[in-house]
Participant: 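Before I ask anything, here is the structure I am working with.
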Amino acid sequence: MGFLESRARLDGKVAVVVGGAGGLGWAATSDLGQAGVRVVVADRDRWALERAGARLAARGVDHLTCELDARDAEPVRRLMARAEERFGGIDVLVNVVGSAVREPFAGSAPRHWDAAIAGNFGWLLPAVDAALPLLRASTRGASIINFTSIEAHRAAPGFAVYAAMKAALTSFTRTLAVELAPAGVRVNAIAPDMVVTPGFSRVVADDADRATWEDTPLGRASARLAVPAGRRGEPDDVGSAVLFLASELSAYVTGQTLHPDGGAFASSGWLNWPEIGFRNAPPPGVVAGLLDAQDVSSSPPSTSSTPPVT
């Protein structure tokens, strides 16, 4: 065993990843499994769950899969019981489940509020409650890792309830970290910015918005402008953060939020304009171009048949 492995002490741990079959959840599951962690993967997407199980088996990862909807507390309790029966307990709980739909709050429906509350915060409470007895009993270093979002820390027009629930999750993480610290259970959060995964198309407004995120010349130019690191996040960037918080490398870290976002939250509105550098307002040339375009689009059409004088 090398120096890093001996410090991390991940080999042999047991992790439950709720929402772990696709997207960022799969990034967490995959990295944990390859680090020697035995993984319990829970997801409501049957096809993604089957695919995840096959990929883990092909890599020789000791694992268990379970199809469930995390918003239903009873299946989650049964999940923890199955994990205990199979592996004797758990050491790490990774809570990934969440969903966002762009919708201005004004005119939105109460059923949409309820869905955002349940899907981004409410489901987490019974999951943590069911896992706590097992985590308290862990002798290998217990860790809870909650997925929140950069939107928990800044305004998010079009995502008001989603962002509020992610902020609630962040606050819950800090309080739970203090309550559980004497029991040796660490609690931290991960707050990525947008990472392009199979589900990201549900978040973007339209094809034009999608084009600014994808791996195209336009998307790469947009990333260089908006992200100090100059690129969009990859699932592996988030998986690495999970590995750190699950390992004993973070044994003295609790109540914190990691931001694997390339500096997007730190920049908070400062954009890296080509040939100009960081500014928190558009350069004059860009503003002038917008004004010119506005003037042209707002000018009434000409009714004269006389050719213009040039």
Side-chain angles (χ1 to χ4, degrees), residues 17-20 23-25 27-28 70-71 93-106 108 112-128 143-180 186-197 199-200 202-205 209 213 223 226-229 232-235 237-242 244-246 250 253-271 280:
V17 187
V18 186
L24 297 184
R71 294 171 297 185
L93 173 64
V94 186
N95 293 311
V96 186
V97 173
S99 61
V101 177
R102 185 191 296 267
E103 180 182 39
F105 182 76
S108 61
H112 294 170
W113 311 339
D114 293 342
I117 292 168
N120 292 290
F121 182 69
W123 76 269
L124 180 92
L125 304 181
V128 171
S143 175
I144 298 174
I145 304 166
N146 296 324
F147 271 54
T148 176
S149 167
I150 189 174
E151 312 306 353
H153 303 272
R154 65 183 186 185
F159 300 95
V161 180
Y162 165 83
M165 291 303 99
K166 291 301 187 181
L169 197 159
T170 303
S171 179
F172 176 73
T173 296
R174 285 195 295 267
T175 298
L176 198 64
V178 175
E179 291 185 3
L180 296 181
R186 298 180 294 107
V187 190
N188 293 286
I190 293 176
D193 194 0
M194 175 83 82
V195 177
V196 178
T197 64
F200 99 105
R202 296 193 301 268
V203 180
V204 297
D209 191 10
W213 286 93
V227 182
R232 297 296 184 197
E234 300 288 344
D237 296 319
V238 180
S240 298
V242 172
F244 171 67
L245 291 176
S250 59
V253 178
T254 194
Q256 304 302 310
T257 298
L258 293 188
H259 291 265
D261 62 8
F265 174 56
S267 64
S268 293
W270 288 82
L271 302 182
N280 64 350

Participant: Quick one: closest heavy-atom pair of K166 and G98, and the distance?
Facilitator: NZ-CA, 4.2 Å
Participant: Mind checking the CD1-CG spacing from I144 to L93? Nearest 0.5 Å is all I need.
Facilitator: 5.5 Å
Participant: With a 4.5 Å limit on heavy-atom distance, are the side chains of S250 and N188 in contact?
Facilitator: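 The answer is no; the side chains never approach within 4.5 Å.
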Participant: Within this structure, what is the CG-CZ distance for the pair L176 and R174, rounded to the nearest 0.5 Å?
Facilitator: 12.5 Å
Participant: Would you say F105 and V161 make side-chain contact, with heavy atoms under 4.5 Å?
Facilitator: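 F105 vs V161: side chains touch.
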Participant: Where do P235 and L24 come nearest, in terms of heavy atoms and distance?
Facilitator: CA-CD2, 4.1 Å
Participant: Which heavy atom of G263 sits nearest a heavy atom of P228, and at what distance?
Facilitator: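 Scanning both residues completely, I find the closest heavy atoms to be O-CG, 3.4 Å.
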Participant: Could you go step by step and tell me if T148 and T170 meet the side-chain hydrogen bond (donor to acceptor under 3.5 Å, both in side chains) rule?
Facilitator: CA-CA 7 Å; T148 176; T170 303; 3.2 Å; yes
Participant: Classify the ring geometry of H153 against H259: parallel below 30°, tilted from 30° to 60°, perpendicular beyond 60°.
Facilitator: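 Correct class here is perpendicular.
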Participant: If you define the side chain from C-beta out and look only at heavy atoms, does anything of L169 sit under 4.5 Å from F147?
Facilitator: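 They are not in side-chain contact.
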Participant: Please round to the nearest 0.5 Å and tell me the distance separating atom CD1 of I190 and atom CG of L245.
Facilitator: 5.0 Å
Participant: To the nearest 0.5 Å, what is the distance between CZ on F244 and CD1 on I145?
Facilitator: 10.0 Å
Participant: Between atom CG of L180 and atom CZ of R186, what is the distance when rounded to the nearest 0.5 Å?
Facilitator: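 CZ of R186 is found 12.0 Å from CG of L180.
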Participant: Out of the candidates V238, D237, D193, V227, only one should pair with D261 under the side-chain contact (heavy atoms from CB on, under 4.5 Å) rule; please name it.
Facilitator: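 The residue from V238, D237, D193, V227 that satisfies side-chain contact (heavy atoms from CB on, under 4.5 Å) with D261 turns out to be D193.
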Participant: Supply the atom-to-atom distance T257 OG1 to I150 CD1, rounded to the nearest 0.5 angstrom.
Facilitator: 12.0 Å
Participant: Please find the pair of heavy atoms, one from V94 and one from A28, that lie closest to each other, and give the distance.
Facilitator: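 So the two residues come closest at CG1-CB, 4.5 Å.
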Participant: Check R102 against P157 and note the closest heavy-atom contact, atom names and distance.
Facilitator: NH1-O, 4.4 Å
Participant: Give the minimum heavy-atom separation between S99 and Y162, together with the two atoms involved.
Facilitator: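 The pair with the smallest heavy-atom distance is O-CD1, 3.3 Å.
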Participant: Given side chains that start at C-beta, do those of V187 and F172 come closer than 4.5 Å, heavy atoms only?
Facilitator: no
Participant: Do E151 and F159 make a side-chain contact, defined as non-hydrogen atoms from C-beta onward lying under 4.5 Å apart?
Facilitator: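 Heavy-atom side-chain distance check fails, nothing below 4.5 Å.
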Participant: Any side-chain to backbone donor/acceptor pair from S171 onto A167? Under 3.5 Å, distance only.
Facilitator: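 No: the side chain of S171 does not pair with the backbone of A167.
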